[in-house]
Structures are given as C-alpha cells and as structure tokens.
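Every heavy atom of this structure was used, including side-chain atoms; hydrogens, water molecules and symmetry mates were not. Atoms within each ligand, like the ligands themselves, are counted from 1 in listed order.
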Amino acid sequence: MKLIIDTDPGIDDAMAIALAHAMPEVDLIGLTACFGNTFTEQSSRNARYICDLMGFSVPVAEGAALPYGETDYVPSANVHGPEGLGDLAEVPQIGKNVDETAAAFLVRMAAEHKGELVICAVAPLTNIADALELDPAFAHNVKELVIMGGAYKHAGNITAHAEANIYHDAKAADLVFASKLKTKMIGLDATMLTLLTPEDFGELAKKAPKIGGFIAHISDFYLAFYRSVGVTNGCPMHDATAVLACTHPEKFTFEATGLRVILEGDALGQTVADSTRQPVDVAVDVAGKWAVDLFMERIISLG
Ligand code: BDR
Ligand code: CA
C-alpha cells in the first residue's frame, strides 16, 4: 500500500511513523508536516529526524502553519514537550524539506498514484483541506483518507466535546467531512482502547534498544501527561492505531455516518452525525490487545 502520513510529530506520531516503516504491507512514500503538537517548522524537522534515527529517508513536505482563518497558534507542549518529542531539549536539523508545499505534494502523489494512495492524517486536517482546494480531482484520485481524530460516542480530550486534531482546525476538518474523499475516522472511541503501559515501554527499550529505546524515552513525558489527567493505565498510541486501520481495517468495528464539525461555542470541534453528508466509516471499537501486541512485535523487529 502506498502511504503518506500527514503528521505533527509528536510522541504518538513518532510511534506511527516507526510502525508504518516496520509494516511489510506499507510502502511509505512521504510525510507531510502540519502544525499541531508543535509549530510546523518543528513538525517537519522532527519528521526528518525520526526518519534518520530509524534509518530510512522519504520526502518530507512542510504544510500549513496556522488553522483556517487564524493568525496565531499555540502548540500542545504540555502533552508532547517543548520540541514535540518529550523531554528532548534540542532536535537536530537533518536534511531538508522538499521544495513543495504539503498540499502540492499530496496532490501530485495522489495524481501519480491515482486510486492507490492512502493518506493517514494524524494531525489537524489543514493540509488535507488545502489539497482539496488546490485540486478538484484530489478527492477522486486518493484511494482513502484515514484520520486519527474526532470523538463519536466518546468524550473529547482537549475539551469535554472535542478531540485535539479536530479542535485545532475545526473549519478544515469540516471541509474534509463535506468533501467526496473516501474517509475512515479513527477517533478516541478506538484509540483510547489501545494503551501502552510503562511495562510495554520497558520491553521495547530492552528488546529494541535503538528505536524501541527512543520511543520508550520520549514516552515518559507522554505517560506523565496522561497520569496528570487521570489516565493511570498507560498512554494511548492514537496515531499508530490509525496506521493499523490502514493495513488491518477488519480489526476495527465501523459505523457509517455523515459527519460535520461544530464550528463555534462550547462544543467547538465536536464531530457529530449529519445524514446530509457522504458517509464516513467511524471506528467505534478495535481489538485493542491485538493492536498493542502487533505494535510491540513490529517495533521490536526494528531493533
Ligand atoms: C491526537 O492529538 C495529538 O496530540 C496526537 O498526536 C494525536 O494525533 C490525539 O488527540
Ligand atoms: Ca498527531
């Protein structure tokens, strides 16, 4: 499967990139960077650093710096750390971004791999909305968009109603749900069932000192954040779960429904059913133990 991950690395984004690299089913052909957990420049720098650390190289295209209609953005440093990778104080600049915006890269790749390209979007959906605007054929050319974002029956994580990726650019997310893109939404209903424990990270560090050890190290910060908000049994591998939905959809239970995003008020960023829109496959359940076990196995295989 030809895959591009649209990402804001981000601790669980690093897990998702590592997992995609380790999945034999996946041909990872690029990464596109968005603001979100970090500023966009940090996201693309981190994406290049993560690839280098994992021993591979793919094009990294930098995308949107701000949500639709906004002039300012404050990243989620309390969740992912000041540079996006836990307590790492400095992340080296390795290589360069490609000389093309994320939206232009997505549009070009979708046209070159018409009907074949899967996009796994694990950041605010601004780059995807930009690609839809840039090329009317984009929605048709893409095989499938798999989103980590939203909360359907589950409560929100950034507010009582909203999940962070959708909340950070509610307008862009609403444009995506209003589009003709064939879409799966892997929201908190599924990803909160895929928790990695401190013991899992201990095993990763022991059995795969380089890459598992890196993931374990940066995840200390992430575990501490989740403990601080009352999740004491581990941290969700949100973005890695979305990668698994690309390769193993049969392990998820989906409900098909049109969706829209609440654009104002207390419920800003909430994803709600809208029968006037094209159905999205919304994940309402996943085989959580299977997902964690496969993540562990694949990361350990990287060493
Ligand atoms: C999502 O928000 C970000 O903090 C994570 O990387 C993930 O993509 C979870 O709500
Ligand atoms: Ca993310």
Side-chain angles (χ1 to χ4, degrees), residues 3-20 31-40 42-47 50 60 63-64 67 73-86 102 119-128 145-152 154-170 172-173 176 184-196 215 218-219 221-226 228-229 231 234-246 261 268-271 282-283 286 291 295:
L3 184 76
I4 294 176
I5 303 181
D6 184 71
T7 177
D8 56 343
I11 295 167
D12 60 320
D13 301 74
M15 297 179 198
I17 294 167
L19 180 62
L31 299 173
T32 49
C34 191
F35 71 90
N37 298 324
T38 48
F39 293 115
T40 311
Q42 293 171 302
S43 297
S44 63
R45 176 204 60 190
N46 291 356
I50 290 163
V60 175
Y73 180 74
V74 180
S76 310
N78 61 322
V79 186
H80 293 269
E83 298 298 331
L85 297 175
I119 299 171
C120 188
V122 297
L125 292 170
T126 323
N127 290 338
I128 310 302
L145 173 71
V146 178
I147 293 168
M148 188 287 127
Y152 186 53
H154 201 281
N157 62 357
I158 191 157
T159 71
H161 305 283
E163 181 281 329
N165 284 339
I166 303 296
Y167 180 85
H168 282 140
D169 196 341
V176 170
K184 283 192 173 72
M185 180 177 110
I186 314 302
L188 300 178
D189 304 78
T191 65
M192 289 306 292
L193 300 173
T194 57
L195 297 187
L196 296 166
I215 290 173
I218 61 175
S219 295
F221 193 98
Y222 201 48
L223 280 166
F225 166 77
Y226 274 99
S228 78
V229 294
V231 181
C235 60
M237 50 177 225
H238 296 292
D239 295 350
T241 303
V243 169
L244 292 176
C246 300
V261 181
L268 174 70
Q270 187 174 7
T271 42
V282 177
V286 59
F295 175 81

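Our summary of the site lists the angle at the Ca ion (ligand 2) between OD1 of Asp13 and OD1 of Asp8 as 80°, to the nearest 10 degrees.
One side chain, Thr32 or Asp6, offers a donor N or O that lies under 3.5 Å from an acceptor on the other. Side-chain contact of Asp169 with Thr126: a donor-acceptor pair under 3.5 Å is present, judged by distance alone.
Using the six-membered ring where Trp is involved, Tyr73 and Phe39 have ring planes that are perpendicular, over 60° apart on the 30 and 60° scheme. In this structure, His238 and Tyr222 have perpendicular ring planes: the angle between them is above 60°, well past the 30° mark.
The Ca ion (ligand 2) has Asp239 among its coordinating residues (N/O/S atom, backbone or side chain, under 3.0 Å). Look at Pro9 and the Ca ion (ligand 2): no N/O/S atom of the residue is under 3.0 Å from the metal.
Asn37 contributes no side-chain N or O that, together with a main-chain N or O of Gly84, makes up a donor-acceptor pair within less than 3.5 Å. A donor-acceptor pair under 3.5 Å is absent between the side-chain atoms of Asp12 and the main chain of Ala240, judged by distance alone. Side chain of Glu163 to main chain of Asn165: a donor-acceptor pair is present (N/O by atom type, distance under 3.5 Å, no hydrogens or angles).
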Dump the pairs for me: ligand 1 N or O, protein N or O, distance under 3.5 Å, to 0.1 Å.
unit_1   : atom_1 : unit_2 : atom_2 : d
ligand 1 : 2 (O)  : Asn165 : OD1    : 3.4
ligand 1 : 4 (O)  : Asn37  : OD1    : 2.8
ligand 1 : 4 (O)  : His80  : NE2    : 2.9
ligand 1 : 6 (O)  : Asp12  : OD1    : 2.6
ligand 1 : 6 (O)  : Asp12  : OD2    : 3.3
ligand 1 : 6 (O)  : Asp13  : OD1    : 3.0
ligand 1 : 6 (O)  : Asn37  : ND2    : 3.0
ligand 1 : 6 (O)  : Asp239 : OD2    : 3.2
ligand 1 : 8 (O)  : Val122 : O      : 3.0
ligand 1 : 8 (O)  : Asn165 : ND2    : 2.9
ligand 1 : 8 (O)  : Asp239 : OD1    : 2.6
ligand 1 : 8 (O)  : Asp239 : OD2    : 3.2
ligand 1 : 10 (O) : Asn157 : ND2    : 2.9
ligand 1 : 10 (O) : Glu163 : OE2    : 2.4

